[in-house]
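Input: a single structure, listed below in structure tokens.
Each ligand, and each atom within it, is numbered from 1 in the order the structure gives.
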Amino acid sequence: MCGIICYSGHRKASQVIVEGLKNLEYRGYDSAGIATHTEQSIEVEKGEGTIDEVIKTGLNGDRGIGHTRWATHGKVNRTNAHPHTSSDNSVSVVHNGIIENHEELRKELGRERFKSDTDTEVIPHLIQDELEETDDLQKVCRNVMERLEGSFAAVALLDTGEKIAFKKGSPLVIGDAGDEIFLASDVTPFLKYTDKAVFLEEEDYVIVDEEYTIYNSGEKVEREVEHIDWDAEEASKQGHSHYMHKEIIEQTETVKRAAFQDRKDLLKAVEMVEKAEKVYITGCGTSSFAAELGALYLREAGIQLEVEQSHELEYRKDQINKEDLIIGMSQSGETADLLSLLKKTDASVLGIVNVVGSTLDRDSELSLYVNAGPEIGVASTKAFTGQLAVLKLLAAAADNNIEEVRKSILETSDKIPKVLEDNDSNIDLISSYLSNKNDAYFIGRYKGRIVSKEASLKLKEISYIHSEAFAGGEFKHGTLALVEQGTPVIGFMTEDTSSETLSNMAEAKTRGADIIGIGNVEDTGFDYFVDIPEDNNPEILQTAVAQLLAYRTALKRGESINPDKPRNLAKSVTVK
Ligand code: F6R
């Protein structure tokens with residue numbers, strides 16, 4: 001959470017930074033700010049609100065830093081917005097992460113110097129004090145690095161025009177465009193200028209002037225320059241009204257890309273799974289639902305494994321051994337709950353990850369890439385269906401039928417546009433209906449139960465309608481008491497489970513529910529129905545419908561809702 005960017009080159013820094021921040025806005029949008037360097041001084045523009053609302057003046061200067069905030073410490077207001085500046089205005093800092101010893105440092109640095117309630121503000125004051133002792137920037141950085149505890153990616157702009165950056169626990173990437181240098185939370189802000197990226201490693205710090213130099217523990221270090229094959233155009237809306245819509249529609253392509261996993265990698269992954277004493281699969285939020293479905297696929301292929309959300313699995317860290325394997329699911333590869341679990345165990349790690357070069361990718365013995373391209377909408381869509389494709393192939397590799405399963409996933413991906421088009425008016429009708437409701441219940445059985453959890457999360461997080469999901473069989477064990485006249489109950493049906501799910505829906509209808517069926521069954525007695533053709537991978541098609549339904553419902557709830565930026569949330573949850 002929180003996006004940071006830093007630029008030096010021959011262009012107007014404020015323009016490049018504002019444009020780059022818009023690509024990072026998914027990481028937080030409580031407030032925004034920018035600082036640029038002009039003739040030995042630093043100018044700052046910051047405030048509460050979105051980038052366009054806050055940054056207007058087009059500050060001059062060819063070096064600068066920018067920030068988009070997801071608040072952790074301190075209220076959302078102008079004072080707490082980044083950049084934060086030292087008491088003598090010589091240092092301005094943007095930061096992503098948490099400084100855990102900020103209270104102790106605040107006391108030591110002198111509370112009277114502080115303007116904000118943030119943990120970040122200790123960084124500029126610390127740097128100012130270090131600069132008063134020496135002008136050797138390497139020493140300054142090393143001392144500052146040693147004083148800060150917690151997880152942070154931070155960049156400081158100095159009134160000399162130089163910049164220093166620190167990385168521990170939170171992501172920071174250098175974009176190397178020759179005579180232009182970028183530093184950012186991910187590659188999307190600089191893809192337009194360069195595909196050359198340097199992913200900083202733990203406790204690296206960097207001095208940037210005309211060039212950049214990376215150090216670690218007082219030594220100069222070389223880090224590999226990697227080529228990112230994401231297309232800058234992929235990180236734009238391409239004519240869609242929202243990223244989320246674009247990302248739903250492009251799943252016909254992204255699921256295909258996920259299906260083109262390298263056979264050798266899949267076999268290596270199976271070897272890791274088979275060698276392990278115990279296998280765990282884990283993730284958070286939508287990625288945890290991918291993990292749950294993955295556990296079902298792998299068990300069907302004869303692999304026994306446990307599935308649990310990462311923040312919960314961490315409580316069992318002492319039961320996880322060196323001989324075990326953790327399959328970590330994450331779009332961003334930066335989710336703190338997952339990374340923290342991995343840090344606290346010494347099990348091997350197989351990452352299933354979208355963002356190449358992310359921390360999960362780097363911490364994994366082997367990564368299988370989801371290949372969905374940049375996912376900008378805060379609600380995960382194409383990464384989820386891509387994760388399902390990768391997991392299906394992993395199970396297929398364990399079962400010796402990669403090609404057959406790959407073919408079936410390619411067929412499914414071809415059907416996505418038709419399913420959405422054929423059901424367009426139905427989805428529209430259902431979204432109008434749902435947009436006037438306060439509650440909704442999603443049910444399904446077996447794989448349909450997990451699809452219903454993902455569908456429910458999508459609806460609640462972007463439309464703010466309260467919703468719950470559970471196994472159809474559970475309904476009559478309690479929640480049915482909440483059903484009244486006109487309560488929406490949405491059921492996902494697949495051939496193997498449809499008759500029981502239909503019975504559960506009928507039980508709800510008898511008590512006044514409006515029932516909405518999504519599946520490959522006869523349309524009998526539903527109030528609304530979305531027909532999904534027969535397919536080997538119905539979860540993917542049902543999920544695409546659920547995503548579009550949530551998106552349309554959110555739009556119909558009123559203009560104050562932006563489905564790309566749901567309130568209180570941010571993508572890439574880098575705090576625990
Ligand atoms: C929901 C959503 C989140 C993420 C979760 C994990 O739509 O996007 O629940 O799935 O924060 O993020 P990653 O997959 O980046 O680890």
Side-chain angles (χ1 to χ4, degrees), residues 1-3 24 26-28 70 170-171 185-186 188 242-245 247-248 251 254 258 281-294 308-314 326-342 349 351-361 363-364 367-388 390-391 442 450-451 453-464 467 469 543-544 546-551 553-554 562-576:
M1 355 262 284
C2 295
L24 291 176
Y26 70 87
R27 299 177 70 92
W70 187 82
S170 299
S185 301
D186 72 33
T188 50
H242 296 94
Y243 284 110
M244 185 176 177
H245 189 257
E247 289 161 5
I248 293 170
Q251 288 177 110
T254 55
I281 186 164
T282 184
C284 300
T286 290
S287 287
S288 78
F289 303 144
E292 284 196 61
L293 277 166
E308 197 158 357
Q309 287 165 332
S310 313
H311 35 81
E312 286 297 306
L313 189 53
E314 192 175 320
I326 298 180
I327 305 177
M329 305 295 309
S330 178
Q331 185 286 127
S332 62
E334 301 296 350
T335 296
D337 290 319
L338 170 61
L339 298 180
S340 161
L341 163 75
L342 300 183
V349 180
I352 298 187
V353 59
N354 190 37
V355 178
V356 178
S358 60
T359 310
L360 173 61
D361 183 16
D363 287 354
S364 299
S367 294
L368 298 178
Y369 297 112
V370 173
N371 295 330
E375 188 182 68
I376 313 271
V378 164
S380 188
T381 51
K382 61 177 180 171
F384 177 71
T385 48
Q387 285 169 330
L388 300 193
V390 176
L391 287 162
F442 287 82
I450 320 295
V451 174
K453 287 202 210 181
E454 171 56 8
S456 165
L457 178 64
K458 224 71 321 167
L459 182 75
K460 75 175 81 157
E461 72 178 325
I462 62 167
S463 73
Y464 315 147
S467 81
T543 300
Q547 294 164 345
L548 191 60
L549 183 60
Y551 172 75
T553 307
N562 177 350
D564 279 346
K565 296 180 197 162
R567 72 181 175 210
N568 306 338
L569 302 181
K571 211 170 180 70
S572 207
V573 186
T574 55
V575 291
K576 279 186 82 180

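Between the side chains of Lys458 and Thr286, at least one donor N or O lies within less than 3.5 Å of an accepting N or O. Ser310 and Thr282 form a side-chain donor-acceptor contact under 3.5 Å, judged by distance and modelled atom types alone. For the 3.5 Å distance criterion, the side chains of Ser340 and Glu314 qualify, holding a donor opposite an acceptor.
Between the side chain of Ser288 and the backbone N or O of Gly285, at least one donor-acceptor pair lies under 3.5 Å.
Under 4.0 Å from any atom of ligand 1, one finds heavy atoms of residues Cys284, Gly285, Thr286, Ser287, Ser330, Gln331, Ser332, Thr335, Val378, Ala379, Ser380, Leu457, Lys458, Glu461, Val573.
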> After noting the C-alpha distance and the side-chain angles of Gln251 and Thr385, does the key distance pass the side chain to side chain donor-acceptor pair (under 3.5 Å) rule?
Replying inline: CA-CA 7 Å; Gln251 288 177 110; Thr385 48; 2.7 Å; yes
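The only option from Val355, Leu388, Ile352, Val353 that meets the side-chain contact (heavy atoms from CB on, under 4.5 Å) definition with Val370 turns out to be Ile352.
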